Novice: 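Submitted below is the structure of interest, expressed as structure tokens.
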Protein chains: 2
Amino acid sequence: MAAVDLSAHPGHLARRLQQAHHLLWNTMVSEEITSPQFAVLNALVAEPGLDQRTVGERVGLDRSTIAEVISRLDRRGLLGKVRDPQDGRRFLLRLTEDGVRVHRKLTVRTARMNQVFLGPLSGAEQAVFLDLIRRVADAAEGLRNPGGAAESLAGRS
Amino acid sequence: MAAVDLSAHPGHLARRLQQAHHLLWNTMVSEEITSPQFAVLNALVAEPGLDQRTVGERVGLDRSTIAEVISRLDRRGLLGKVRDPQDGRRFLLRLTEDGVRVHRKLTVRTARMNQVFLGPLSGAEQAVFLDLIRRVADAAEGLRNPGGAAESLAGRS
DNA sequence: CCTCGTTTGTCGGTGCACTGAACAATACCG
DNA sequence: CGGTATTGTTCAGTGCACCGACAAACGAGG
């Protein structure tokens, strides 16, 4: 029996980590607005008037997924989409007042939740934790678009 | 504009980490069998004859999700389910020969993939990385079942 | 026995996430 | 100007993940 210890597999741990986060988010932040939805709201607070594709790029969601998330936020009246008069392909997105309000409220709660989530780690460990995840995620993402900006991974042709 | 830097949010990073893993899994391990499906195969290699619920507990999936994953593996002929003669509620699960074969093949590939995935980190960092994720995930999971082991979070009343 | 409460699995509903394909509007090139 | 990419959005299909409700099966008391 060649069974493996899953607790040494980063993918398995990543999944469990996200489940843990989902659980905490539901109880401490919101049952209506999900974490990806909040990320979209946040992106539009920072840069109102973005189009869908760019928002997706900012928060790390592909075109299909971002379309669903945005349509949900639209249905709830948290943002509005209008066609760009300059470029009839895009929708320009901006938050409604409701959207801004929701974002403000959840910002406070997410901060509290993050403290609880990272509670088991010391301050120094938390910084290391975030740094390590970011490095692993960035590297793997770099494998996808070799032709992005000035790149990360060494192998330029 | 009270926008927040998402790259300091562990939940956001956790999601991106999983996406990165998903991408690598698809290209380096299998497009047919997913990571959760492999986890189930692995659990049944270690302990043949488990029931669905217990498998779900081993790999960290709830009853609904594990049912879907198992039905997929069943449809592909990688495992068989028979009712427990002792307890008519459960199904006893065991891998078919095909299932064992697939598990063996993927075990090799996952090992390779994990090396690439963790490649950006040094050996020492990899150990820290896995340890930190495990601690955070375990702690948050502990919040769910207060009746688990001894308790984690400091802020008791 | 026969009810009461629990456990196992299923089902319906919602939501994230990816792929690949279709479509429309725009931009580029000869 | 016309034809061909390129880009932004949508749609169909698959799969993970959660919750709540439900039926069948079990277990313990009466």
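Letters A, B, ... mirror the listed sequences (proteins, then strands); counts begin at 1. In this text, all values refer to a predicted model and were calculated from it rather than measured experimentally. Heavy atoms only: backbone and side chains are in, while hydrogens, waters and symmetry mates are out.
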Novice: Tell me which residues in residues 35-44 of chain B lie within less than 4.0 Å of DNA chain C, going by non-hydrogen atoms.
Specialist: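 Nothing qualifies; none.
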Novice: Looking for any heavy atom pair under 4.0 Å, which part of the strands does A:T34 touch: base, sugar-phosphate only, or nothing?
Specialist: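 Sugar-phosphate only.
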Novice: Residues of residues 67-76 of chain A with any non-hydrogen atom less than 4.0 angstrom from an atom of DNA chain D: list those, numerically ordered, please.
Specialist: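 Correct list: A:A67.
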Novice: What's the CG-P distance between B:D62 and C:dG9, to the nearest Å?
Specialist: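 In whole Å, C:dG9 P lies 13 Å from B:D62 CG.
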Novice: Please report, rounded to the nearest Å, how far the C1' atom of C:dC18 is from the CG atom of B:L23.
Specialist: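 Computing the B:L23:CG to C:dC18:C1' distance gives 10 Å.
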Novice: Determine whether any donor atom in the side chain of A:S64 lies under 3.5 Å from an acceptor atom in the base of D:dT9, or the reverse, and answer yes or no.
Specialist: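 Such a pair does not exist between side chain and base.
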Novice: Identify, with sequence neighbours excluded, every residue that meets side-chain contact (heavy atoms from CB on, under 4.5 Å) alongside B:S7.
Specialist: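 With neighbours one apart ignored, the set is A:R134, B:D5.
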Novice: Could you state the atom-to-atom distance from CG of B:L93 to P of C:dT8 in whole Å?
Specialist: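 Roughly 13 Å, once rounded to whole Å.
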Novice: Do you know which of A:T54, A:L61, A:V55 makes side chain to side chain contact (heavy atoms under 4.5 Å, CB included) with A:R58?
Specialist: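 The passing option is A:T54.
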Novice: Expressed in angstrom and rounded to an integer, what is the separation of B:L92 atom CG from C:dG9 atom C1'?
Specialist: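 B:L92 atom CG is separated from C:dG9 atom C1' by 13 Å.
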Novice: What residues, two or more places apart in sequence or in another chain, satisfy salt bridge (Lys or Arg N to Asp or Glu O under 4.0 Å) together with A:D74?
Specialist: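 Checked A:D74 against salt bridge (Lys or Arg N to Asp or Glu O under 4.0 Å); zero matches.
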Novice: Partners of B:R63 by salt bridge (Lys or Arg N to Asp or Glu O under 4.0 Å), sequence neighbours excluded?
Specialist: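 None.
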Novice: Taking all atoms of both residues into account, what is the closest heavy-atom pair of B:L73 and B:V40, and its distance?
Specialist: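 Closest approach of B:L73 to B:V40, heavy atoms only: CD1-CG1, 3.7 Å.
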Novice: Can you measure B:E57 atom CD to C:dG9 atom C1' for me and round it to whole angstrom units?
Specialist: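 Atom CD in B:E57 sits about 15 Å away from atom C1' in C:dG9.
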Novice: Please write out each protein N/O paired with an N/O of nucleotides 22-29 of chain C under 3.5 Å, distance rounded to 0.1 Å.
Specialist:
unit_1: C:dT26; atom_1: OP1; unit_2: A:G88; atom_2: N; d: 3.2

Novice: Tell me the ring pair (Phe, Tyr, Trp, His ring centres under 6.0 Å) pairs involving residues 63-100 of chain B, sequence neighbours left out?
Specialist: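 Of all non-adjacent pairs touching residues 63-100 of chain B, none passes ring pair (Phe, Tyr, Trp, His ring centres under 6.0 Å).
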Novice: Between D:dG8 atom P and A:L61 atom CG, what is the distance in whole Å?
Specialist: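 My rounded result for the distance is 16 Å.
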Novice: Holding to side-chain hydrogen bond (donor to acceptor under 3.5 Å, both in side chains), I want the full list of residues that pass it with A:R135, two or more places apart in sequence or in another chain.
Specialist: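 Listed in chain order: A:D131, B:E125.
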Novice: For the side chain of B:Q52 and the backbone of B:I70, is there at least one donor-acceptor N/O pair under 3.5 Å apart?
Specialist: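 Flag not set: sc B:Q52 to bb B:I70 has no pair under 3.5 Å.
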Novice: Please enumerate all residues that pass ring-ring contact (aromatic ring centres under 6.0 Å, His included) together with B:H21, with sequence neighbours excluded.
Specialist: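 So B:H21 forms a ring-ring contact (aromatic ring centres under 6.0 Å, His included) with B:W25, B:F117.
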Novice: Looking at C:dT10, I'd like to know if its phosphate oxygens (OP1 or OP2) sit under 4.0 Å from a side-chain N or O belonging to B:K81.
Specialist: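 B:K81 to C:dT10 OP1/OP2: side-chain N or O found under 4.0 Å.
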Novice: Rounding to an integer number of Å, can you tell me how far B:R15 CZ sits from C:dC16 C1'?
Specialist: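 B:R15 atom CZ is separated from C:dC16 atom C1' by 9 Å.
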Novice: Would you kindly compare A:D51 and B:R63 by the position of their nearest DNA chain D nucleotide and give the one closer to the 5′ end?
Specialist: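 Its nucleotide being nearer the 5' end, the pick is A:D51.
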Novice: Reading DNA chain C from 5' onward, which residue's closest nucleotide shows up sooner: B:H22 or A:E32?
Specialist: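 The answer here is A:E32.
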Novice: Can you list the residues that meet the salt bridge (Lys or Arg N to Asp or Glu O under 4.0 Å) rule with B:D84, with sequence neighbours excluded?
Specialist: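 Applying salt bridge (Lys or Arg N to Asp or Glu O under 4.0 Å) to B:D84 gives B:R90.
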Novice: List the residues meeting salt bridge (Lys or Arg N to Asp or Glu O under 4.0 Å) with A:R104, not counting sequence neighbours, and say none if there are none.
Specialist: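 Residues passing salt bridge (Lys or Arg N to Asp or Glu O under 4.0 Å) with A:R104: none at all.
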Novice: If you take atom types as modelled and just measure distance, does the side chain of A:T65 reach the base of C:dG15 with a donor-acceptor pair under 3.5 Å?
Specialist: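 There is none.
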Novice: Nearest whole Å is fine: how far is D:dA17 P from A:L17 CG?
Specialist: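 It is 13 Å, rounded to the nearest whole Å.
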Novice: Please identify each residue that fulfils ring-ring contact (aromatic ring centres under 6.0 Å, His included) with B:H103, with sequence neighbours left out.
Specialist: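 Testing B:H103 for ring-ring contact (aromatic ring centres under 6.0 Å, His included), a comparison that skips the adjacent residues, returns B:F38.
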